[in-house]
Structure formats: structure tokens, C-alpha cells
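As the structure lists them, so they are numbered: ligands from 1, and atoms in each ligand from 1. Atoms considered below: every heavy atom in the structure, side chains included; atoms not considered: hydrogens, waters and symmetry mates. The shown structure was predicted, so the numbers you read here are calculated from the model rather than taken from an experiment.
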Amino acid sequence: MQVVSISSLKGGVGKTSVTLGLASAALAAGIPTLVIDLDPHADATTGLGVHPSGQLDIGRMIKGSRKADLAANVVPSGWLAAHKHDGAPLPVLDVAMGSAFSGIYDRPDLGRRDLRRLATILANADRDGKAPYQLVLIDCPPSLNGLTRMAWTASSRVLLVAEPGLFSVAGTQRTLRAIELFRTEFAPALVPAGIVANRVRSGSNEHTYRLGEMKTMFGELLLSPTIPEQANWQQIQGAAHPIHQWPGDSARNSSALFDKLLDSVLTQGATRSRLHRG
Ligand SMILES: Nc1ncnc2c1ncn2[C@@H]1O[C@H](COP(=O)(O)OP(=O)(O)OP(=O)(O)O)[C@@H](O)[C@H]1O
Ligand SMILES: [Mg+2]
């Protein structure tokens with residue numbers, strides 16, 4: 001089970017969009033996946049078209065982490081209803097729902113025991129490898145407070161999302177430093193899975209310049225491909241549809257980019273993990 005946090009210090013750069021794009025690619029590839037919506041705004045839960053029937057949200061599971069039953073409280077994504085599986089078994093795409101309740105843990109001073117709460121839930125769910133997931137994607141809130149740190153403690157990789165703009169690039173550098181510090185103190189196995197540049201406008205001189213700067217600064221951590229600004233993005237997310245099932249050329253192009261990005265995240269992160277283990 002690979003656990004990947006999708007993080008950024010800055011808000012609105014596309015963490016949830018990238019989480020949804022990767023979840024869509026994983027569904028298309030038949031990779032059994034769980035999305036944990038750790039942002040109290042619960043945008044990923046909305047985008048995944050979830051219809052709960054009495055399950056606990058992730059905030060409440062975290063509160064009772066030692067006894068939390070993940071398997072009993074995940075909800076299948078509404079995306080599955082339209083998934084064409086041609087008689088094959090339906091793939092797994094579950095959601096641990098977000099809610100404002102998780103906000104009580106988003107403090108800057110969360111202690112070591114609290115930081116382990118999500119890791120405990122996942123470890124209990126995967127005892128003897130029984131969790132049905134190959135991939136767990138954690139959509140983080142836009143800060144480096146308790147919830148993001150709790151996500152990192154439960155993860156082996158962090159995928160950073162950045163827009164090619166001045167403050168976003170600087171924010172990414174600060175986040176990389178924070179990951180390094182966090183790794184030394186709390187999570188020796190944690191490695192950056194890379195940085196995905198989102199909302200790239202191909203005709204923008206500023207974006208071309210910033211992308212060049214990011215390449216120089218971050219080297220191979222800057223993942224290929226980058227994700228372009230896409231006009232119908234909000235419409236697709238508003239309809240709670242996976243990009244792979246949306247008609248039209250631009251959605252098809254974006255789907256192919258997320259297929260490649262998923263591949264990069266899974267393989268590049270693995271290479272870095274091996275290097276870190278040494
Ligand atoms: N590549 C893109 N093209 C066009 N619109 C995009 C793209 N990526 C994200 N958006 C839009 O930008 C807005 C912010 O994106 P998103 O919610 O994914 O960011 P976020 O980092 O998760 O935000 P927050 O920090 O609030 O959680 C959304 O309305 C989304 O539809
Ligand atoms: Mg978000």
C-alpha cells in the first residue's frame with residue numbers, strides 16, 4: 001500500500017484537482033485506491049460524488065483513531081456508477097470523507113501522539129496486508145499545520161503542487177525544507193514524490209520563465225508532465241465526474257497527462273525511497 005500526501009503551503013494551487021486527476025487515472029488503470037479527504041473544506045469528497053449512509057467522516061475516525069474501523073466507514077466514490085468495466089469486477093475507489101470536524105486537529109502545536117493518529121488508522125486497517133488498496137491519496141489542507149503533518153506521518157511520499165508563479169515557487173521551496181526537517185524528526189521514510197506544476201499557460205512568458213526557474217531549483221523533483229490551465233475544469237469537478245469519463249479532446253488530453261503523472265509519482269517516488277534507504 002503506497003500512501004501519498006498531496007500538499008502545498010499555498011492555497012488554491014490545485015491539490016484537490018491533482019488528487020482527483022490521479023484518482024481518475026488510478027480508477028482507469030484498475031488500481032485499487034482510497035482517497036482520504038483531510039481538508040476540513042472537504043472539496044475532494046464533493047468532487048468524488050460521495051453519498052454517505054451513516055459512515056463516519058475522517059475527523060471522527062481520527063478522534064477515535066485506536067478503535068476506528070476504516071473499512072466500515074469508507075464510502076465508494078459515485079464515479080463508479082458510470083465506470084465502464086465490461087463485465088470485469090468493479091474496481092475499488094473508496095473515500096474517507098472530509099468534514100469541518102477534522103479542523104480541530106489543524107493546530108500548529110500538535111503533539112507526537114496526535115500526529116500518529118492517521119498512521120494508526122491505516123496500520124490497523126492494513127494489518128496482515130488486508131486493506132484492499134494499492135494506493136492511498138491524502139488531499140491535505142493548504143497549511144503545514146497539524147492535519148498536513150498527520151498526513152505526512154502516515155505517508156511514504158509527499159507530492160507537492162505548485163503554480164508557476166513567484167510566491168508559489170518560493171512556497172514550494174519552504175515546503176521542501178519543512179519536509180526535510182519533518183523527515184529527520186518524525187518520519188525517516190518520508191520522501192518527496194516530486195513537484196507537479198499546475199495551471200500552466202503555454203503562451204505565458206511569466207509561466208515559461210517560472211517553469212525554467214523551477215527546473216533549475218528543483219531538478220528532477222519537478223515532474224513531467226506539467227498540467228495546463230484547462231477551461232472546463234470547474235465544470236467537470238462541479239459535475240463530480242472523473243476526467244477520464246468526460247467527453248471531448250481536452251479532457252482526453254488531460255486524462256493522458258494524469259496517467260503519466262500517476263506513473264511518475266509511483267515510479268519516481270519508488271526510486272527516491274530506495275536511494276534514501278540507501
Ligand atoms: N489545471 C487547472 N485548470 C483550470 N482550473 C484549475 C486547474 N487546477 C485547478 N483549477 C481550479 O482552481 C481552483 C482551485 O483548485 P483546487 O481546489 O484543486 O486547489 P487546492 O490547492 O485544492 O485549493 P485549497 O487550498 O483551497 O484546498 C478550483 O476552482 C479548480 O477547479
Ligand atoms: Mg483543496
Side-chain angles (χ1 to χ4, degrees), residues 4-25 35-50 57-59 95-100 102-103 105-106 137-151 158-165 167-172 174-175 178 193-204 206-207 210-211 214 222-244 246 248-262 265:
V4 183
S5 284
I6 294 94
S7 303
S8 74
L9 188 124
K10 203 168 144 51
V13 294
K15 291 175 293 301
T16 302
S17 301
V18 167
T19 305
L20 295 177
L22 292 175
S24 181
V35 177
I36 299 180
D37 188 355
L38 215 53
D39 188 344
H41 289 205
D43 296 335
T45 303
T46 309
L48 284 153
V50 165
D57 62 74
I58 191 66
V95 186
M97 295 178 294
S99 86
S102 61
Y105 292 101
D106 210 22
L137 299 169
I138 309 179
D139 188 21
C140 295
S143 73
L144 300 184
N145 286 335
L147 286 173
T148 295
R149 287 161 182 269
M150 203 189 279
V158 187
L159 177 65
L160 296 180
V161 183
E163 281 180 6
F167 298 129
S168 191
V169 174
T172 304
R174 280 205 302 282
T175 315
I195 300 159
V196 51
N198 182 39
R199 300 194 84 147
V200 177
R201 289 194 296 274
S202 54
S204 157
E206 168 68 9
H207 279 197
R210 292 295 167 201
L211 270 180
M214 286 169 84
L222 182 66
L223 295 176
S224 168
T226 60
I227 308 294
E229 171 87 16
Q230 189 174 309
N232 59 357
W233 206 250
Q234 288 207 6
Q235 193 191 355
I236 301 173
Q237 290 171 345
H241 243 70
I243 192 138
H244 286 69
W246 199 259
D249 285 346
S250 84
R252 201 167 315 118
N253 290 342
S254 293
S255 305
L257 293 179
F258 278 109
D259 291 340
K260 285 203 192 109
L261 193 62
L262 180 64
V265 169

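- Interatomic distance, T226 OG1 to I195 CD1, rounded to the nearest 0.5 Å: 13.0 Å.
- When each atom of ligand 1 is checked for a heavy atom of P142 under 4.0 Å away, the hits are 25 (O).
- Looking only at heavy atoms of the protein, atom 9 (C) of ligand 1 is closest to S17 OG, 3.2 Å.
- Taking atom 17 (O) of ligand 1 as the reference point, the nearest protein heavy-atom neighbour is T16 CB, 4.0 Å.
- Looking at V161 against ligand 1, nothing comes within 4.0 Å, counting heavy atoms.
- Checked against a 3.5 angstrom limit, the closest N/O atoms of N198 and ligand 1 fall inside it.
- D57 contributes no side-chain N or O that, together with a main-chain N or O of M97, makes up a donor-acceptor pair within less than 3.5 Å.
- Taking 4.5 Å as the limit, every side-chain heavy atom of W246 sits out of range of all side-chain heavy atoms of S254.
- Nearest protein heavy-atom contact of atom 19 (O) of ligand 1 is G14 N, 3.0 Å.
- Numbered from 1 in the order shown, with element, the atoms of ligand 1 that lie under 4.0 Å from a heavy atom of P228 read 1 (N), 2 (C), 3 (N).
- Summary of contacts: the protein heavy atom closest to atom 24 (P) of ligand 1 is G12 N, 3.5 Å.
- Shortest contact from atom 10 (N) of ligand 1 to any protein heavy atom: W233 CD1, 3.3 Å.
- With hydrogens and angles ignored, the 3.5 Å screen pairs no side-chain donor or acceptor of S168 with any backbone N or O of P164.
- Using a 4.0 angstrom heavy-atom cutoff, S8 does not count as in contact with ligand 1.
- When side chains are defined from C-beta on, S24 does not count as touching F258, because their heavy atoms never get closer than 4.5 Å.
- For H41, no heavy-atom contact with ligand 1 is shorter than 4.0 Å.
- In this structure, the protein non-hydrogen atom closest to atom 29 (O) of ligand 1 is Q234 NE2, 2.9 Å.
- The minimum heavy-atom distance linking S8 with V13 is given by the pair OG-CG2, 3.3 Å.
- Each of the following atoms of ligand 1 lies closer than 4.0 Å to a heavy atom of Q237: 30 (C), 31 (O).
- For the side-chain contact (heavy atoms from CB on, under 4.5 Å) with L22, the qualifying choice from V18, T19, L20 is V18, the only one to do so.
- In this structure, T46 contributes its side chain and A42 its backbone to a donor-acceptor pair below 3.5 Å.
- With T148 contributing its side chain and N145 its backbone, the two residues share no donor-acceptor pair below 3.5 Å.
- The distance from the OG1 atom of T45 to the CG atom of D139 is 8.5 Å, given to the nearest 0.5 Å.
- How far CG of L257 is from CG of L262: 12.5 Å, rounded to the nearest 0.5 Å.
- Among the atoms of T19, no N, O or S atom is found under 2.8 Å from the Mg ion (ligand 2).
- The part of D39 lying near ligand 1 is the side chain, judged by heavy-atom distances below 4.0 Å.
- Remark: ligand 1 and E229 share no N or O pair separated by less than 3.5 Å (distance only, no angle test).
- In terms of N/O distances under 3.5 Å, ligand 1 is approached by R199.
- Annotation: C140 places no N or O atom under 3.5 Å from an N or O atom of ligand 1; distance criterion only.
- Of the N or O atoms in Q230, one or more lie within a sub-3.5 Å distance of an N or O in ligand 1.
- In terms of N/O distances under 3.5 Å, ligand 1 is not approached by G11.
- Side-chain contact between R174 and L144 is absent, with no heavy atoms from C-beta onward closer than 4.5 Å.
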